[in-house]
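Start at 1 with the first residue, then count along the sequence.
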Amino acid sequence: MRCTLVAVGVPGASRLTGARRGRTGDDAGPSDVSDGDGVTRVLVVGTDDWAIEQSAAALAEAGFGVLRCHEPGEPDFPCNALIAGRTCPLDVGFDVVATVRARPLDSMAPGELGVVCALRQGIPLVAAGVAPDRPFGPWASVTVEQGGELVGACEKVAGQTVGEFVGAPSVRSPRGGL
């Protein structure tokens, strides 16, 4: 079984413990819940492989475990769940789904299908990049404008559930971060 998981040991990464989906309340956050391996996992999807890979590298460097729906350079479909010998990120478990938009599309791109799967499971969404509100604005826990701080946004929502954010205003990330 193969599922892409990248975990990079980074000094200070122990503060990023793996809050699991379904945790709620003020006490649930990335710094106080452990899933056993101490890694907060992020499913990274998006409109273009190069943008996904840049974001995945930044998250891995910050100590996150990174999962993908398909291997870099492969078609968006079929996803890892439908390929023999591979594993769906939902089966591994993750804390946040991040979609990285390299283009201002009005509709979901095929490479963003994992967002639907994650939202269905109550996993919070960070929408980042070019026009992050389109089309995910109503479901995004946090939006990060192009050049914003994706790592900080993922830290912020890890351990929350979608319901905690629906109806709440999105947090915009100007160039300086959250």
Side-chain angles (χ1 to χ4, degrees), residues 4-21 28-31 38-72 76 89 92-105 108-109 111-119 121-162 164-166 168-178:
T4 304
L5 172 61
V6 179
V8 178
V10 174
S14 61
R15 67 186 176 83
L16 296 173
T17 58
R20 301 312 313 152
R21 64 181 165 206
S31 62
V39 175
T40 298
R41 291 185 178 105
V42 179
L43 172 63
V44 183
V45 299
T47 59
D48 297 271
D49 276 350
W50 66 266
I52 294 167
E53 292 311 303
Q54 285 181 4
S55 299
L59 288 161
E61 186 174 313
F64 287 87
V66 174
L67 299 167
R68 295 172 180 82
C69 290
H70 67 279
E71 301 303 315
D76 300 322
V92 174
F94 53 94
D95 308 286
V96 179
V97 58
T99 185
V100 183
R101 309 202 92 216
R103 296 177 276 142
L105 303 175
M108 183 179 75
E112 295 175 305
L113 188 56
V115 169
V116 175
C117 300
L119 289 174
Q121 295 297 314
I123 298 169
L125 168 64
V126 172
V130 178
D133 279 346
R134 292 188 264 168
F136 301 111
W139 298 277
S141 299
V142 176
T143 58
V144 179
E145 297 294 333
Q146 185 176 4
E149 181 51 43
L150 177 63
V151 170
C154 289
E155 287 174 337
K156 177 178 180 164
V157 302
Q160 304 298 314
T161 60
V162 171
E164 293 176 60
F165 290 96
V166 173
S170 296
V171 175
R172 300 271 178 227
S173 179
R175 293 179 125 171
L178 286 175

Could you check if a side-chain atom of Val39 sits within less than 4.5 angstrom of a side-chain atom of Phe64, using non-hydrogen atoms only? no
Given side chains that start at C-beta, do those of Met108 and Thr99 come closer than 4.5 Å, heavy atoms only? no
Nearest heavy-atom contact between Val66 and Ala60 is CG2-N, 3.9 Å
Between Val144 and Leu150, which heavy-atom pair has the shortest distance, and what is it? CG1-N, 4.1 Å
Under 3.5 Å, side chain of Glu112 to main-chain N/O of Ala109, donor-acceptor pair present? yes
Just so I know, are the side chains of Phe94 and Val42 near enough to count as touching, which here means a heavy-atom distance under 4.5 Å? no
Which atom of Ala153 lies closest to which atom of Val142, heavy atoms considered: CB-CG1, 3.9 Å
Non-neighbouring partners of Ser55 that pass side chain to side chain donor-acceptor pair (under 3.5 Å), sequence neighbours left out: none
With sequence neighbours excluded, residues passing side chain to side chain contact (heavy atoms under 4.5 Å, CB included) with Ala102: Thr47, Asp48, Trp50, Ala51
Do the side chain of Glu145 and the main chain of Gly148 share a donor and acceptor less than 3.5 angstrom apart? no
Test side-chain contact (heavy atoms from CB on, under 4.5 Å) on Val44 and Leu67 and set out the steps. CA-CA 6 Å; Val44 183; Leu67 299 167; over 6 Å; no
Determine whether Gln146 and Arg101 make a side-chain contact, defined as any pair of heavy atoms from C-beta on separated by less than 4.5 Å. no
Non-hydrogen side-chain atoms of Thr40 and Cys154 separated by less than 4.5 Å: no
Measuring from atom CZ of Arg68 to atom CG of Asp49, what distance do you get when rounded to the nearest 0.5 angstrom? 9.0 Å
Using every non-hydrogen atom in the two residues, find where Gly46 and Ile52 come nearest and quote the distance to one decimal. N-CD1, 3.4 Å
Could you state the interatomic distance from CG (Leu119) to OG (Ser141), rounded to the nearest 0.5 Å? 8.0 Å
Compare all side-chain heavy atoms of Asp76 with those of Leu113 and state whether any distance is below 4.5 angstrom. no
Below 4.5 Å, heavy atoms only, C-beta onward: do Val126 and Val97 meet side chain to side chain? no
Please report the interatomic distance CZ(Arg134) to OG1(Thr143), rounded to the nearest 0.5 Å. 13.0 Å
Closest approach of Leu43 and Gly114, non-hydrogen atoms and distance? CD2-O, 4.1 Å
